[in-house]
Amino acid sequence: MSERNKHKRDFFSSKFGVIAAAAGSAIGLGNIWKFPYITGVYGGAAFLFVYLLFILAIGLPVMLSEFIIGRSSRRNAFGAFKVLAPGTSWKYIGVLGVSAAFLILSFYCVVAGWSLQYVILSFENGFSNKSPEEIGAMFTSFTEAPIRPVITQLIFMLLTAAIVIIGIKKGIEKYSKILMPVLVVILIILCIKSVSLEGAKAGLVFLFNPDFSKLTGDGILVALGHAFFTLSIGMGALITYGSYIRENNNMANIAVNVTVADTVIAILAGIAIFPAVFAFGIEPGEGPGLIFITLPNVFHQMQGGYIFSVLFFILLSIAALTSSISILEVVVAYFMEEFEIGRKLSTVIAAILISVLGVLCSLSMGVLSPFTLFGLNIFDLIDWISTNMLLPIGGLLIALFIGWFFRRNRVQEEVSKGGKLTGIYLTVFMFLVKFVVPVAIAIIMMNKVGLLKF
Ligand code: PHE
């Protein structure tokens, strides 16, 4: 089967295509929905500073590790380890990754569905003439309803599956190439608008002037965990994308570009949101509802708010879509190569199974909210297990695999095709994956165990 598979495999057609697709995966709800709200909760600039440190010291090396594993094996997140380390248990990293992808996509589609609903609400001018309380109540009553959020979630899954069925070059790469630059343009327009509001300066101070006394131990660990989520690392999404990278593309360079792009977008999202939040006297630590509850208030008080509201939620949905396709691709590539099922059938099966779980996630906001485990509803539980357990464990094992199993010579050989990573850079990279990354992740895991006791 391996030979046939080799010939059938798709490739990204250019380096820009790889960067657009991988950046599209990284940039998503994590940057635009989650990053601003956790930055708000954990104190602003000090949190941002620590987060940037983790992106550089942990995120970047794990991302390059995933690319190395993907390209040198030309397999999915599970098959890669069977090719590179035959007869060993390393392949269970892939099982962990496919499970994480399955779980993450189930709740990711729910939040993306909220975003779709807010595109519709924006078009209908649904926020006008509403008090802040009414806008808050709108969000709660929408997310707790049994039918509507399920429908928007399923529509979002349909869009995701349609792009994944079209395949790598015609689907993921083509859409990412168009959608990502559009996203950047819309975000920059929003930033300009937000920064020019009266009273915007306090938002910029909050975001860029660190007050380390606000930083808690918890905040440090949240920053570390978020570095994984936002870069799409720890579950093999970038192993799968790495398997479509051509030999003559410089992977270290691609990893740097993607990491920088993801970080810039998160900071742009911060610049688009915080000045506006402060200008209108809204609480930065609002929580997960920051964009869904607060921004419509901001938009409808702004001149030109109608158009900015429409643009913002389209932008959020686009960003979510280029991420969700990479999550679904992990499961689809696994089904295709391990069970020899066609792309279309694999996608349909994966989308249906994940949607079943997704419907439960959505309903756990309302009718199923009494069903809890460890005090968490289904949505929070699935988020908790995948983001806080599976991604960090996956990242830890990927770093150990590259650092202690693959080792320096094979790393050097793989990254030297179409690029160079020699001398001090290679030494720093090997030191990070061998020691720094595993130790840091072990700390996150210990924190989570502590939280469980709580
Ligand atoms: N990085 C994506 C985001 O920020 C989410 C994601 C996580 C995608 C894990 C792939 C893998 O929204």
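Quick note: residue numbers are just sequence positions, from 1. Just so you know, these numbers use all the heavy atoms, side chains as well, and skip hydrogens, waters and symmetry mates. Atoms within a ligand are numbered from 1 in the order they appear, just like the ligands themselves.
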key: S326, portion touching ligand 1 at heavy-atom distance under 4.0 Å   = side chain
request  = Taking all non-hydrogen atoms of both residues into account, name the closest pair between P36 and F274 and its distance.
outcome  = O-CZ, 3.1 Å
ask   = Is E247 paired with R74 through a side-chain N to carboxylate O contact shorter than 4.0 Å?
value = yes
request  = Measure the distance from atom 2 (C) of ligand 1 to every protein heavy atom, then report the residue, atom name and distance (to 0.1 Å) of the closest one.
outcome  = S25 O, 3.3 Å
inquiry  = Please check whether L391 reaches ligand 1 - meaning an N/O of the residue sits under 3.5 Å from an N/O of the ligand, judged on distance alone.
reply    = no
ask   = Considering only heavy atoms, does S232 approach ligand 1 within less than 4.0 Å through its side chain, its backbone, both, or neither?
value = both
Any N/O pair A237/ligand 1 closer than 3.5 Å = no
query = Is any side-chain heavy atom of F35 less than 4.5 Å from a side-chain heavy atom of L48?
reply = yes
task = Find out whether S355 and L154 are in side-chain contact, i.e. whether some heavy atom of one side chain is under 4.5 Å from a heavy atom of the other.
result = yes
request  = To the nearest 0.5 angstrom, please state how far the CD1 atom of I245 sits from the CD1 atom of I19.
outcome  = 9.0 Å
ask   = What about I327: any of its N or O atoms under 3.5 Å from an N or O on ligand 1?
value = no
ask   = Given that the side chain starts at C-beta and the backbone is N, CA, C, O, which of these parts of M235 lies under 4.0 Å from ligand 1, counting heavy atoms, or is it both or neither?
value = side chain
message = Counting non-hydrogen protein atoms only, what is the nearest one to atom 12 (O) of ligand 1? Give residue, atom name and distance.
response = Y108 OH, 2.4 Å
message = Aromatic contact between W114 and Y118, with the criterion being ring centroids under 6.0 Å apart: yes or no?
response = no
request  = For the residue pair W90 and F405, categorise the inter-ring angle as parallel (less than 30°), tilted (30 to 60°) or perpendicular (more than 60°).
outcome  = tilted
note = When distances are taken from atom 7 (C) of ligand 1, the protein heavy atom at minimum range is F229 O, 3.4 Å
key: Distance-minimising heavy-atom pair for I27 and D262   = N-OD1, 3.4 Å
request  = Enumerate the atoms of ligand 1 whose separation from the nearest heavy atom of N31 is less than 4.0 angstrom.
outcome  = 4 (O)
inquiry  = Regarding atom 3 (C) of ligand 1: of the candidates G236, A266, A26, which has the closest heavy atom?
reply    = A26
